[in-house]
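Inspection log for the structure reproduced underneath, given as structure tokens.
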Amino acid sequence: MGAPDTDPEAVAEAVLDTVASVAPEVRAGLPGRRRYLDGENPSGEDVLAADVYADDLLESAIGALDGVGTYASEERENAVDTGDGPVSVAVDPLDGSSNLRSNNPMGTVVAVYDGALPAGGRDLVAAGFVLYGPVTSMVAGVGAPEETTIREYLVTEDGEREAVDTLDLPNDPTVYGFGGRVPDWPADFAAYVDEVEDELKLRYGGAMIADVSQVLTYGGVFAYPALESAPNGKLRLQFEGNPVAYVLEGAGGRSSTGDGSILDAPATGLHQRVPVHVGNDDLIERLEAALG
Ligand SMILES: O=P(O)(O)OC[C@H]1O[C@](O)(COP(=O)(O)O)[C@@H](O)[C@@H]1O
Ligand SMILES: [Mg+2]
Ligand SMILES: [Mg+2]
């Protein structure tokens, strides 16, 4: 193990502390930033003033940490060189930001990789998210994906993390939420939906982190699948797919691209998209069987 500032897991803990410490400021800055700006992000999506605000706050706070060599975000074309250090941090500054105008929940997603970007999910040394709901919470774990423990924290007004509990998916799943327009779902995915909608109840809010939090709490399955019009779906591997797979697998569930764990998906580009399916073991096994 190296000095504290170069040990990837120690750096990762500092990154999670920093994301929590910035969360109250992100939240406080939202009311005046609900308007769309001109231009698009690298994924071709509209950008709110709040997306840019959260990205700037996170870049300066995370980029200042010893041991973080790279900061990347969904809102920037290229990764930023933040100094010497083995760790790369990939952030979705505001996940579900289209929920800001309708005042529904949103999150901040963080992935800490031991190595250069784009990186595979097996290179994660920590991942998690902040959820700006009725309370501000953080769900995160540190360590290799196969060894991590996922914990929930409440984030105080001062940006401290207070541990609530470790998270394990309930054995008796109850909710599902799937993104994309129904006529755009491929026939094999639509057949899977027919099966699970007889067993589970629909909970879909349009922010991945909020929808995933329901699955973590009540058990079930969340997906933003491959679409007829978008064979890799909508969500981005570095900023969304990998961290959410890390959290769900760490909490005893599974993730899948449709063909194996998201954490094994080859990394080919900073903004690459990936079909995302996460949830209870049995539900993901049946999904993979349905997708053949
Ligand atoms: O509006 P749709 O198609 O349901 O998409 C919702 C999905 O898109 C996202 O909002 C994409 O994330 P961003 O808001 O960070 O771009 C996810 O949070 C969510 O799962
Ligand atoms: Mg997102
Ligand atoms: Mg976003």
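Whatever order the structure lists them in is the order used to number ligands and atoms, beginning at 1. What you see is a predicted model; the values in this text were computed from it and never measured. Here, residue 1 is the first one in the sequence, and each next residue gets the next number.
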The atoms of ligand 1 lying under 4.0 Å from a heavy atom of M208, numbered in the order shown, are 17 (C), 18 (O), 19 (C), 20 (O)
Considering non-hydrogen atoms of the protein only, which is the closest contact for atom 16 (O) of ligand 1, and what is the distance?
R236 NH2, 3.2 Å
Cation over ring face, R203 and Y176, 6.0 Å, 45°
no
Protein contact of atom 2 (P) of ligand 1 - nearest heavy atom, named by residue and atom, plus distance
Y204 OH, 3.7 Å
Single hit among T257, L237, L124 for side-chain contact (heavy atoms from CB on, under 4.5 Å) with L263
L124
Between the side chains of T148 and Y246, does any donor sit under 3.5 Å from an acceptor?
yes
Does ligand 1 have an atom under 4.0 Å from some heavy atom of A207?
yes
Got an N/O contact under 3.5 Å between L235 and ligand 1?
no
Show the atoms of ligand 1 that are less than 4.0 angstrom away from any heavy atom in E45.
16 (O)
Within 45° of the axis and under 6.0 Å from the centre of the six-membered ring of Y132, does NZ or CZ of R27 qualify?
no
Result for side-chain contact (heavy atoms from CB on, under 4.5 Å) between S255 and one of N242, D264, I262, I284 points to I262
Any idea which N/O/S atom from E240 gets closest to the Mg ion (ligand 2)?
OE2
Using atom types as modelled and distance alone, determine if a side-chain donor or acceptor of T174 lies under 3.5 Å from a backbone N or O of L200.
no
Answer yes or no: does atom CG of N171 have more than 12 heavy-atom neighbours from other residues, nucleotides or ligands under 6.0 Å?
no
Nearest 0.5 Å, what's the CG-CD distance between L94 and E74?
9.5 Å
The closest protein heavy-atom partner of atom 3 (O) of ligand 1 is Y224 OH, 2.8 Å
With a 3.5 Å cut-off and no angle check, do the side chains of E162 and T156 form a donor-acceptor pair?
no
Look at the side chain of E9 and the backbone N and O of V142, then say whether any donor-acceptor pair between them is shorter than 3.5 Å.
no
Min heavy-atom dist R181 to ligand 1 below 4.0 Å:
no
In terms of atom number and element, which parts of ligand 1 are under 4.0 angstrom from non-hydrogen atoms of D95?
12 (O), 14 (O), 15 (O), 17 (C), 18 (O)
Which residue and heavy atom of the protein sit nearest atom 1 (O) of ligand 1, plus the separation
K234 NZ, 3.9 Å
Which of the atoms of ligand 1 are close to E74, meaning less than 4.0 Å from one of its heavy atoms?
13 (P), 15 (O), 16 (O)
Looking only at protein heavy atoms, identify the closest one to atom 13 (P) of ligand 1 and say how far it is in Å.
G96 N, 3.6 Å
May I ask whether S97 has any heavy atom positioned less than 4.0 angstrom from an atom of ligand 1?
yes
Atoms of the protein (N/O/S only) found under 2.8 Å from the Mg ion (ligand 3)
E74 OE1, D92 OD1, L94 O
On the 0 to 90° scale, with breaks at 30° and 60°, tag the F189-F178 ring pair as parallel, tilted or perpendicular.
perpendicular
Contact atoms of ligand 1, heavy-atom distance to D92 under 4.0 Å
15 (O)
Tell me, please: is D51 in heavy-atom contact with ligand 1, that is, under 4.0 Å?
no
F239 and H271: aromatic ring centres closer than 6.0 Å?
yes
